[in-house]
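A short worksheet on the structure shown next.
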Amino acid sequence: MVEQKFPESLDKNPRGIPKAPFIANVEEYIGGPDGDVEGPLKDFQDAIAKYRYMDGSLTQRRKGLEDKIPDIRKTLQMVEFLKQRRDRKQKADDQEDDLEEDDENSEGAKKPLTTTFELNDTLFAEAQLDDTDTVYLWLGANVMLSYEIPEAITLLRSKLDAAETSLKTAIEDLEFVREQLTVMEVNTARMYNWDVKRRRERRSAEEAAKREKES
Amino acid sequence: MNNMRVLAEEEETSDGVEVTWEDQQQINTFAKLNARLKGIEDKLEQLKQEKEALDDLSTELELTDEDQTVLYKLGESFLHLPQPDALVRLEIDQASVSSQLAKLGAVAEECERGMKDLKVRLYAKFGKAINLDE
């Protein structure tokens with residue numbers, strides 16, 4: 001059996017996942033009515049196993065990203081909130097310099113921000129946040145870096161964008177892989193049925209020959 | 001071997017129409033849209049609930065005094081905000097949920113439309129030999 005050119009020579013999707021061929025005519029594919037089916041069937045099984053593996057890892061990837069995106073978004077919301085507060089305070093300060101009077105707005109912005117945050121599961125504590133220009137972002141790998149608030153926002157936005165694009169491609173790939181899996185399964189079924197039919201025809205031909213001999 | 005024969009013979013009686021590559025592609029697309037819709041439905045439901053909660057919250061907040069401090073959840077922690085500030089934040093959150101809802105709803109609708117088209121075409125060709133309902 002010559003090694004089938006499978007799946008290297010075929011079309012690929014943008015991430016290089018090979019496209020499964022659709023076998024419209026089994027006889028043609030295996031090279032004539034007496035072609036071997038075991039080899040191609042084994043190739044199909046291998047391809048299905050590969051697609052299954054990709055399906056598994058992509059599903060995991062998707063889940064990971066779906067967990068990660070809300071986290072980034074929450075962090076971004078919080079930093080944006082801090083920035084808003086800071087901007088308002090700045091404005092209030094300017095106003096104070098100009099007008100030397102305390103209107104209600106500036107007073108609200110000048111009060112330190114009190115938060116109730118989760119210390120541990122079901123355990124909350126109160127904390128007052130001093131006004132600050134910098135926040136610390138956890139970058140992973142046990143590293144935390146301090147950022148100016150606008151920089152932090154830029155970084156978080158780009159991370160969020162990257163994660164969302166990545167999720168989109170993961171879902172695309174996943175849909176692609178599932179499609180290829182179906183095609184390969186259909187191919188397998190077709191070839192299998194074709195082989196069964198061929199065996200039956202051969203057997204009835206044999207029987208007919210035998211009967212002819214007997215008579 | 002014998003089992004295999006019986007199965008194939010039975011199958012053959014129901015296997016009247018040849019499945020072409022185009023048919024296969026349409027079936028694949030249908031499956032893809034169906035899966036996509038399934039994935040969106042959960043998220044859509046979640047967003048709807050969130051929107052409802054925010055709407056309830058909005059009526060609730062209207063009733064509170066202006067000089068009252070409310071605890072508003074942002075991310076994992078609660079901010080102690082004066083009521084007017086909380087209302088502003090609430091509006092931001094409501095807008096964001098609404099826009100997400102609209103976006104997802106449009107995608108879901110598109111899926112449904114595509115599936116309907118394919119259903120008509122595939123049922124016309126395969127009749128009872130194919131089942132495209134859940």
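Chain identifiers are assigned alphabetically (A, B, ...) following the order of the sequence lines, protein sequences preceding nucleic acid strands; residue numbering begins at 1 within each chain.
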Discussion item. At a heavy-atom distance under 4.5 Å, which candidate from B:Ile27, B:Thr20, B:Leu74 has the highest pair count against chain A?
Written reply: B:Leu74
Discussion item. What I want to check is whether the side chains of B:Gln24 and B:Asn28 have a donor and an acceptor closer together than 3.5 Å.
Written reply: yes
Discussion item. Less than 4.5 Å to any heavy atom of chain A: does that hold for the side chain of B:Asp93, its backbone, both, or neither?
Written reply: side chain
Worksheet item: What part of B:Leu71 gets closer than 4.5 Å to chain A, counting heavy atoms only: side chain, backbone, both or neither?
Response: side chain
Worksheet item: Using non-hydrogen atoms only, which part of A:Phe124 is less than 4.5 Å away from chain B: side chain, backbone, both, or neither?
Response: side chain
Worksheet item: Counting heavy-atom pairs under 4.5 Å to chain B, which of A:Arg190, A:Arg73, A:Gln84 comes out on top?
Response: A:Arg190
Worksheet entry | Short N-O contact, A:Asp195 and A:Arg198, less than 4.0 angstrom | yes
Worksheet item: Is A:Lys91 paired with A:Asp87 through a side-chain N to carboxylate O contact shorter than 4.0 Å?
Response: no
Pair up each side-chain donor or acceptor in residues 145-162 of chain A with any protein partner under 3.5 Å, not counting sequence neighbours, and list the distances.
from, atom 1, to, atom 2, distance (Å)
A:Thr154, OG1, A:Pro150, O, 2.8
A:Arg157, NH2, A:Glu80, OE2, 2.4
A:Ser158, OG, A:Leu155, O, 2.9

Worksheet item: Excluding sequence neighbours, so at least two apart, what forms side-chain contact (heavy atoms from CB on, under 4.5 Å) with A:Thr59?
Response: A:Asp55, A:Leu174, A:Arg178
